[in-house]
A.B. asks: 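I am attaching a structure below and will ask some questions about it afterwards.
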Amino acid sequence: PLPIPEAAFPETCEGESVVPVGVENGAAFNHAWTINGAAFSGTGANTAAPEFPNVACGDSAGLVLIQNIGVDGVILMCESEELVQPLNVVALAMPEVSAASPLCNGLDADFTFAETEDGSGCSPFSAAYEWTFVAGETSLGHSGIGPFTFPAGTFEDIQVTVEAQSSGADGTVCPSTDAFVFTMT
């Protein structure tokens with residue numbers, strides 16, 4: 001009988017590396033891996049535990065398992081069907097922050113927030129966000145979405161930093177940070 005390839009891919013953050021588990025191993029087996037339909041030649045390419053770097057939403061890995069079997073002194077190389085499996089990737093949150101222009105010292109400003117990552121090709125994920133407002137080197141002591149009155153002072157620009165954590169179905173937490181700069185008038 002032909003060998004049956006099996007592999008599981010742990011949930012991994014977008015942009016990180018992943019190593020499959022549960023792959024048949026031993027001296028009698030050779031492994032031929034692909035990534036997104038192309039031959040994989042990276043770290044561990046001919047082993048049961050290759051390291052697929054910089055994974056992205058929608059990536060898939062393939063495996064052909066070759067088993068060397070001795071029959072009456074002849075070595076037969078029995079090749080499996082190809083197993084193609086999508087990788088279990090959690091998308092990084094990609095927030096977008098905008099504000100009315102221009103922003104003026106001492107006046108209220110309303111910042112608008114949107115999540116631009118639709119997660120196409122990725123595992124379902126949820127995201128949590130934390131905001132900080134900084135003027136130059138000074139923290140403005142405000143976080144969160146909604147109206148904000150800028151304190152008195154002369155600021156050339158305001159930087160809004162959004163720290164996000166996207167979480168996958170298996171509990172993998174993937175942090176990301178984005179900064180947005182707004183010019184003050």
A.B. asks: Can you confirm whether the side chains of Glu82 and Thr34 place a donor and an acceptor under 3.5 Å from each other?
C.D. replies: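 Their side chains do contain a donor-acceptor pair, which is all the 3.5 Å distance test asks for.
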A.B. asks: Return the CG to OG1 distance between Asn88 and Thr12, rounded to the nearest 0.5 Å.
C.D. replies: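 Answer rounded to 0.5 Å: 7.0 Å.
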A.B. asks: I need the minimum non-hydrogen distance between Ala56 and Glu14, along with the two atoms involved.
C.D. replies: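 It is CA-CG, 4.3 Å.
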A.B. asks: Can you see whether Asp170 engages Thr172 through a side-chain donor-acceptor pair at a distance of less than 3.5 angstrom?
C.D. replies: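 Per modelled atom types, Asp170 and Thr172 side chains form no pair under 3.5 Å.
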A.B. asks: Give the cluster check for Phe133 versus Phe180: same hydrophobic cluster or not, with ILVMFWY residues linked at side-chain heavy-atom distances below 4.5 Å.
C.D. replies: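 Yes, Phe133 connects to Phe180 through the hydrophobic network.
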A.B. asks: If you take all heavy atoms of Val84 and Ser60, which pair is closest and at what distance?
C.D. replies: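 Looking at all heavy atoms of both residues, the shortest contact is CG1-OG, 4.1 Å.
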A.B. asks: Would you say Asn68's side chain and Met77's backbone share a donor-acceptor pair under 3.5 angstrom?
C.D. replies: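 No: the side chain of Asn68 does not pair with the backbone of Met77.
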A.B. asks: Look at the aromatic rings of His31 and Trp33 and report parallel, tilted or perpendicular, splitting at 30° and 60°.
C.D. replies: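 Geometry flag for Trp33 against His31: parallel rings.
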A.B. asks: Drop me the distance from Asn30's CG to Asn46's CG, to the nearest 0.5 angstrom.
C.D. replies: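 If we round to the nearest 0.5 Å, Asn30:CG and Asn46:CG are 7.5 Å apart.
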A.B. asks: Below 30° counts as parallel, above 60° as perpendicular, anything between as tilted: where do the rings of Phe40 and Phe52 land?
C.D. replies: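 Ring orientation of Phe40 relative to Phe52: tilted.
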A.B. asks: Treating Gln85 as the side-chain partner and Ala7 as the backbone partner, does any N or O pair qualify as donor plus acceptor under 3.5 Å?
C.D. replies: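 Flag set: sc Gln85 to bb Ala7 pair under 3.5 Å.
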A.B. asks: Show the nearest heavy-atom pair for residues Ala93 and Ala127, with the distance to one decimal.
C.D. replies: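 Looking at all heavy atoms of both residues, the closest pair is CB-CB, 4.2 Å.
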A.B. asks: Determine whether the side chains of Ser167 and Gln165 contain a donor N or O and an acceptor N or O closer than 3.5 Å.
C.D. replies: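 The answer is no; no qualifying pair exists.
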A.B. asks: Out of curiosity, does Val55 fall in the hydrophobic cluster containing Leu63 (side-chain heavy atoms, cut-off under 4.5 Å, transitive links)?
C.D. replies: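 Yes, Leu63 and Val55 fall within the same hydrophobic cluster.
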A.B. asks: Between Glu6 (side chain only) and Gly22 (backbone N and O only), is there a donor and an acceptor less than 3.5 Å apart?
C.D. replies: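 No: the side chain of Glu6 does not pair with the backbone of Gly22.
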A.B. asks: Hey, any chance Leu87 and Phe125 share a hydrophobic cluster, counting ILVMFWY side chains that come within less than 4.5 Å of each other, even indirectly?
C.D. replies: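 Different clusters.
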A.B. asks: Taking everything shown except Glu81 itself, do over 12 heavy atoms lie less than 6.0 Å from its CD?
C.D. replies: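 Result for CD/Glu81: open.
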A.B. asks: Quick one, Ser120 and Cys57 - any side-chain contact, counting heavy atoms below 4.5 Å?
C.D. replies: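 A side-chain contact is absent here, since even the closest heavy-atom pair is not under 4.5 Å.
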A.B. asks: Under 3.5 Å, is there a donor-acceptor pair between the side chain of Thr116 and the main chain of Met94?
C.D. replies: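 Between the backbone of Met94 and the side chain of Thr116 there is a qualifying donor-acceptor contact (under 3.5 Å).
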A.B. asks: Would you name the heavy atoms of Ala48 and Asn25 that are closest together and state the gap between them?
C.D. replies: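 Between these two residues, the closest heavy atoms are CB-CG, 3.7 Å.
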A.B. asks: Please examine the side chains of Val97 and Phe182, heavy atoms only from C-beta on, and report whether any two atoms are closer than 4.5 Å.
C.D. replies: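 Side-chain contact under 4.5 Å: yes.
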A.B. asks: Under a single-linkage definition using a 4.5 Å side-chain heavy-atom cutoff for Ile, Leu, Val, Met, Phe, Trp and Tyr, are Val162 and Leu92 assigned to the same hydrophobic cluster?
C.D. replies: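 The answer is no; the residues belong to distinct hydrophobic clusters.
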A.B. asks: For the residue pair Leu2 and Glu79, what are the closest heavy atoms and their distance?
C.D. replies: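 Here Leu2 and Glu79 meet closest at CD2-O, 3.5 Å.
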A.B. asks: Please check this pair: side chain of Ser123 against backbone of Val90, looking for a donor-acceptor N/O pair closer than 3.5 Å.
C.D. replies: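 No, Ser123 side chain to Val90 backbone: no donor-acceptor pair under 3.5 Å.
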A.B. asks: Is there a path of hydrophobic side-chain contacts, each under 4.5 Å between heavy atoms, that joins Ile158 and Trp131?
C.D. replies: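 Same hydrophobic cluster.
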A.B. asks: What pair of heavy atoms forms the shortest contact from Gly70 to Ile75, and how long is it?
C.D. replies: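 Answer, listing the atom of Gly70 first, then Ile75: CA-CD1, 3.9 Å.
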A.B. asks: Hey, does the side chain of Thr43 reach the backbone of Glu51 with a donor-acceptor pair shorter than 3.5 angstrom?
C.D. replies: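 Checking the backbone N and O of Glu51 against the side chain of Thr43, no donor-acceptor pair under 3.5 Å is found.
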A.B. asks: Decide if atom CD1 of Ile69 counts as having more than 12 heavy atoms of other residues, nucleotides or ligands within a radius under 6.0 Å.
C.D. replies: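 More than 12 heavy atoms, drawn from other residues, nucleotides or ligands, come within 6.0 Å of this atom.
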A.B. asks: Any side-chain to backbone donor/acceptor pair from Thr177 onto Pro175? Under 3.5 Å, distance only.
C.D. replies: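 Not at all, since once roles are kept as given, no pair shorter than 3.5 Å links the two residues.
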